[in-house]
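Keep in mind it's a predicted model, so treat the numbers as computed, not measured. Hydrogens, waters and symmetry mates play no part in the numbers below; they use all other heavy atoms, side chains included. Each ligand, and each atom within it, is numbered from 1 in the order the structure gives.
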Amino acid sequence: MTFKNILTAQEGHVATITINRPKQLNALNKETIEELHHALSAANDDENVGVVILTGAGEKSFVAGADIKEFADFSVEKGQELSAIGHEILFDFIEFMNKPVIAAINGFALGGGLELAMASHIRVASDNAKLGLPEVSLGVIPGYGGTQRLTQLVGSGKAFEMITTAGMIGAEEAKSWGLVNHVVSQEELMPLAEKIAHKIVQNSPNAIRAAIHAINANHIEGVDGFDVEIEEFGKCFGTPEFIEGTTAFIEKRKANFRK
Ligand code: CO8
């Protein structure tokens, strides 16, 4: 499939998807959301991909939000529909993928852009990054999971402040909030994301899938995350990857999970 708004690349087991609308600060229009779904879905199904890095083209912006020009004249019904579809095909889709997604935040991560980063499993940022959920300044609220994921990540006190002030914070402050894991210069950002990705792909793909499932169970209503952990833990014992991992340890060699 050819894409108009994103670039895809793969090196070894690491897939990189770059949102490529730099003139619009990589704002997420409907077509870009659909293309991201296709690319992520393909990566999720591809055994050769162990991790995905998501980033934005250019040096100014990761993603400056949903495309305001596209939803400016929406009705109540269309607004709800766009939000629901976005949750399903992109934001929830990423969270429940069977391999980790690393957001490499290389500039503005605003509105739907910060929501995209928060749906990802790991966030790293360049020191020029600015993060915020400015939706209330436009007369709407975050509609791609921001009210929930920001609260889970930083607690309700900080979430209330960020969302109701529509303010932006810098990368270092985001790190002190626990919203991003690492802050580096722009030149160091992709090498850092790749370094994390390369560590991940050394490990058992099945165990990583199981770990994502168990960690996500922490905040699913009506689900006991400890039960999910126990079940996923037990299931690992029946996998060839468990045999390889433990055998490699005993034989004092590096495990090879991707034969
Ligand atoms: N949507 C559409 N176009 C955008 C967006 C956006 N979110 N952000 C920037 N652009 C465009 C600008 O319109 C401009 O285009 P043009 O040159 O054609 O006029 C171009 O990108 C460059 O932007 P600026 O000239 O504004 O660049 P500045 O450096 O002066 O400012 C800012 C950078 C501060 C990032 C500024 O562009 C800005 O405030 N952008 C909007 C940020 C924002 O409010 N984001 C949240 C959007 S709402 C949202 O994400 C809701 C998510 C949930 C939706 C649920 C479905 C209904």
Side-chain angles (χ1 to χ4, degrees), residues 3-7 17-37 40 54-95 101 103-120 123 125-154 158-174 179-180 186 189:
F3 297 118
K4 216 170 100 190
N5 305 287
I6 63 172
L7 304 170
I17 301 175
T18 306
I19 298 144
N20 188 30
R21 302 181 74 214
K23 286 194 183 132
Q24 301 301 306
L25 302 185
N26 303 320
L28 294 176
N29 60 1
K30 194 165 168 274
E31 196 178 44
T32 306
I33 289 177
E34 283 165 3
E35 289 186 9
L36 282 168
H37 174 73
L40 288 160
L54 259 184
T55 194
E59 297 192 340
K60 191 169 168 183
S61 183
F62 172 67
V63 170
D67 193 319
I68 300 168
K69 292 156 196 163
E70 202 177 60
F71 68 72
D73 62 353
F74 270 16
S75 62
V76 171
E77 291 74 25
K78 283 227 32 157
Q80 276 181 6
E81 187 190 319
L82 186 75
S83 171
I85 292 171
H87 275 273
E88 184 188 331
I89 71 169
L90 185 56
F91 298 85
D92 290 352
F93 184 84
I94 289 176
E95 182 171 348
V101 176
I105 305 169
N106 56 312
F108 289 113
L110 301 176
L114 180 54
E115 290 172 307
L116 186 65
M118 292 193 294
S120 302
R123 285 161 292 284
S126 56
D127 51 17
N128 66 322
K130 291 252 183 293
L131 299 85
L133 292 175
E135 283 89 340
V136 298
S137 71
L138 298 165
V140 289
I141 65 167
Y144 285 144
T147 60
Q148 303 306 297
R149 292 197 177 96
L150 184 64
T151 308
Q152 284 154 11
L153 284 164
V154 305
K158 290 191 173 76
F160 275 121
E161 183 175 339
M162 177 180 264
I163 292 172
T164 60
T165 61
M168 290 183 211
I169 59 170
E172 284 298 343
E173 193 171 2
L179 191 49
V180 302
Q186 187 129 72
L189 183 66

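- H87 places a side-chain N or O within 3.5 Å of a backbone atom of G143 that can act as its donor or acceptor partner.
- Although no hydrogens or angles enter the test, the distance criterion places no donor-acceptor pair under 3.5 Å between the side chain of R123 and the main chain of A103.
- The closest side-chain heavy-atom distance from V136 to T164 is not below 4.5 Å.
- The aromatic rings of Y144 and F91 sit parallel, their planes meeting at an angle under 30°, below the 60° perpendicular limit.
- No donor-acceptor distance shorter than 3.5 angstrom exists from the side chain of N5 to the backbone of R21, with no hydrogens or angles considered.
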Between ligand 1 and the protein, give all atom pairs where both partners are nitrogen or oxygen and the distance is under 3.5 Å, as lines of names plus distance to 0.1 Å.
| from | atom 1 | to | atom 2 | distance (Å) |
| --- | --- | --- | --- | --- |
| ligand 1 | 1 (N) | A66 | O | 3.4 |
| ligand 1 | 1 (N) | I68 | N | 2.9 |
| ligand 1 | 7 (N) | A64 | O | 3.0 |
| ligand 1 | 7 (N) | A66 | O | 2.9 |
| ligand 1 | 13 (O) | K69 | NZ | 2.9 |
| ligand 1 | 15 (O) | K69 | NZ | 3.3 |
| ligand 1 | 21 (O) | K23 | O | 3.4 |
| ligand 1 | 29 (O) | K60 | NZ | 2.6 |
| ligand 1 | 45 (N) | A64 | O | 2.9 |
| ligand 1 | 50 (O) | A66 | N | 2.8 |
| ligand 1 | 50 (O) | G112 | N | 2.8 |

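- For the residue pair S126/N128, the side-chain donor-acceptor check at 3.5 Å is satisfied.
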